[in-house]
Colleague: 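Let me give you the structure first, and then I'll get to my questions.
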Protein chains: 2
Amino acid sequence: MTDTRAYHHGDLRRALLAAALEAVGEVGPAALSLRDLARRAGVSHAAPAHHFGDKAGLLTALAAQGFDLLAQALTEADDDLLEAGVAYVDFAVTHRAYFEVMFRPELYRADDAELIAARGRAGAALRSGVAALSGGGAPADTDRDSLAAWSIAHGFATLWLAGALPDRVGDNPREAARAVLRRLST
Amino acid sequence: MTDTRAYHHGDLRRALLAAALEAVGEVGPAALSLRDLARRAGVSHAAPAHHFGDKAGLLTALAAQGFDLLAQALTEADDDLLEAGVAYVDFAVTHRAYFEVMFRPELYRADDAELIAARGRAGAALRSGVAALSGGGAPADTDRDSLAAWSIAHGFATLWLAGALPDRVGDNPREAARAVLRRLST
DNA sequence: CGTGAAACTTGCCAGTGACAAGATTGCGCG
DNA sequence: CGCGCAATCTTGTCACTGGCAAGTTTCACG
C-alpha cells in the first residue's frame, strides 16, 4: 500500500491529501491533525509543512480539489436542473469530507488563486444549468433562480450531513432530495 | 463587568456560556479554547470542566440555548411562512455563533436530553408555520413542503455565513433572503 | 563528479484538553 | 451555634498539537 522509500517519498503531497481525506471523514475537518497525517504517510511530523506550509494550506488544496470534483459532477447533469440539484446533494453525501471542507472557509485560505478558480468553475456549472432551464428570461431572474436552486440543494445536503433531518425522510439521499427539489420547479 | 468574587464565582456557568458565545463569534466553534474561556471569566483553567465536563458539554449547552432562541424567533413569525423563512435566515446572521454550533453535532452531545427537547421545539415551530399555510393538504405534503422550506432557508443562511454567495446579492440578508424564498411559494 | 536546491528529519516551544488531588466555601442538619 | 459534607474552584501534571529552526539526506543539473 504505502510504497515508502526512505527520504524523497516521491508522491508525498498526494499521499498526504489522500490521508487527509480519510482523516476528515473520520474526525471532521476541524479535528484534523497534521501529525496524524504524517504518521499515516509514514513520514516525520514536520514533513507536511514543507508541502503545504500549514494546516490551512493543506485544507486549501483539499477544498480546491473538491470544487473541481463538484464542477465535474454538476457538468455531467447539466441539461436538467433537477438532476443537477440531485447531483449536488449526491456529491455532498458521497464526497462528504470534501464537502465539509469546501464550505468552511475559516479553515483554509479563501484568497488562494487555484481555489478561487476551481470554485468559479463549480459556480459556472451551476449557473449554466439554471440558465438552460429558465430559457430566455431576464438575467436578474436567472440570478435569483440559481440562488434559490443552490440554496435548496445546499440546505438539504447540509441538513442531511448534520443528521438534522427527521427519520421519515428515509436513507436514500438522491430519492429524498429529488422529492424536495421538485417543490422548486413547479 | 466581571463581578468576580474569589472562589464561588456565583454565576460561573452563565459567565462561561457568555464568554463562549463571544469566543465562538471571534474564532469559530472548533477553535474554541476552554482555557481561554476560563481566562475571560477570571477563573482557573480547570474550572469549566466542573460545570460542563468537557468541551462537548459546554457546546451542548450552547446549542440547546440556541435552539430555544430559534424556536422563539420562529414562533413570533408563525402566521407567515415567508416571514418565518426570513426570520430563520435573520437568526442565523444575527446569532451566528449559536447557529454555527447548532448545526455541528460532531462538536457536542447530540443525545443530550435538554438539547433534543429544545431542537424539538424549534422543529415544531417550523412545521406549524408550514401547516398553517398549506391548509388542509395531506400530511405527506406538509412534510415535503416543510422540508423544502427548511432546506432553502437553511441553505441560504449557510451560504451567506460561509461567504459563498456572490457579491451581487448585497449586504442585507433579510431582503436577499426574501427574494430567494419567494421562489418557493409561487 | 560535485554543488546547490529540494525533500525530509530531529529537536524544541507554547498552547490545549483532560485528569487527579488538594484547597476553600457555603449549606443543611444536629 | 457549629460542624461535617458536598459543591465549587485551584494547582499540578500528562499527552498531544501546530509551528518554527536547524540539521541531514537525496536528487537534478551543469
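Predicted model only: the values in this text are computed from it and were never measured. We name chains A, B, ... by the order of the sequence lines, and we start the count at 1 in each one.
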Colleague: Picking from dT10(C), dC9(D), dT11(D), which would you name as closest to the side chain of L12(B)?
Modeller: dC9(D)
Colleague: Do any side-chain nitrogens or oxygens of H50(A) fall under 4.0 Å of OP1 or OP2 in dC8(C)?
Modeller: no
Colleague: Under 4.0 Å between a side-chain N/O of S33(A) and OP1 or OP2 of dC16(D), yes or no?
Modeller: no
Colleague: Is a donor-acceptor pair below 3.5 Å formed from side chain R35(B) to base dG17(C), judging by atom type as modelled?
Modeller: yes
Colleague: Using the side-chain heavy atoms of R39(A), tell me which of these nucleotides is nearest: dT17(D), dA6(C), dT8(D).
Modeller: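 So the nucleotide nearest the side chain must be dT17(D).
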Colleague: Which is true for L58(A) with a 4.0 Å heavy-atom rule: it touches a base, it touches only sugar-phosphate, or it touches nothing?
Modeller: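 No contact at all - L58(A) keeps every heavy atom at 4.0 Å or more from the nucleic acid.
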Colleague: Starting at CZ of F52(A) and ending at C1' of dG19(D), how long is that distance when rounded to a whole Å?
Modeller: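 In whole Å, dG19(D) C1' lies 16 Å from F52(A) CZ.
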Colleague: In whole angstrom, give the distance that lies between atom CG of L34(A) and atom C1' of dG19(D).
Modeller: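 Taking atom C1' of dG19(D) as the reference, CG of L34(A) is at 9 Å.
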Colleague: Return the nearest nucleotide to the side chain of H9(A); candidates are dT11(D), dC8(C), dG17(C).
Modeller: dC8(C)
Colleague: The side chain of V43(B) lies closest to which of these nucleotides: dC8(C), dT8(D), dT10(D)?
Modeller: dT10(D)
Colleague: Of the candidate nucleotides dT10(D), dT8(D), dT11(D), which contains the atom at the shortest distance from the side chain of H45(B)?
Modeller: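 Of the candidates, dT11(D) comes closest.
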Colleague: Are the side chains of L17(A) and F52(A) in contact, using a 4.5 Å heavy-atom criterion?
Modeller: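 Of all side-chain heavy-atom pairs linking L17(A) with F52(A), at least one is under 4.5 Å.
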Colleague: Please determine whether the number of non-hydrogen atoms from other residues, nucleotides or ligands lying under 6.0 Å from atom CG of N172(A) exceeds 12.
Modeller: yes
Colleague: Send over the distance from D54(A) CG to dG18(D) P, rounded to a whole Å.
Modeller: 10 Å
Colleague: With heavy atoms under 4.0 Å as the rule, sort L37(B) into base, sugar-phosphate or nothing.
Modeller: nothing
Colleague: Can you tell if the side chain of L165(B) reaches within under 4.5 Å of the side chain of F156(B), non-hydrogen atoms only?
Modeller: yes
Colleague: dA21(D), dA7(D), dG17(C): which one has an atom nearest the side-chain heavy atoms of A46(A)?
Modeller: dA21(D)
Colleague: Measure the distance from CG on D11(A) to P on dC27(D) and round it to the nearest whole Å.
Modeller: 15 Å
Colleague: To the nearest angstrom, how far is K55(A) atom NZ from dG15(C) atom P?
Modeller: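 Interatomic distance, NZ of K55(A) to P of dG15(C): 17 Å.
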Colleague: Round to the nearest Å and state the distance from L59(B) atom CG to dA18(C) atom P.
Modeller: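 L59(B) atom CG is separated from dA18(C) atom P by 10 Å.
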Colleague: Which nucleotide, dG18(D), dC9(D), dA21(D), lies nearest any side-chain atom of A47(B)?
Modeller: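 Closest nucleotide to the A47(B) side chain: dC9(D).
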Colleague: Shortest non-hydrogen contact from A148(A) to V180(B)?
Modeller: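 Looking at all heavy atoms of both residues, the shortest contact is CA-CG1, 3.6 Å.
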Colleague: Using 4.0 Å as the upper bound for N to carboxylate O, is an ion pair formed by E106(A) and R96(B)?
Modeller: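 A salt bridge is absent here (no side-chain N lies under 4.0 Å from a carboxylate O).
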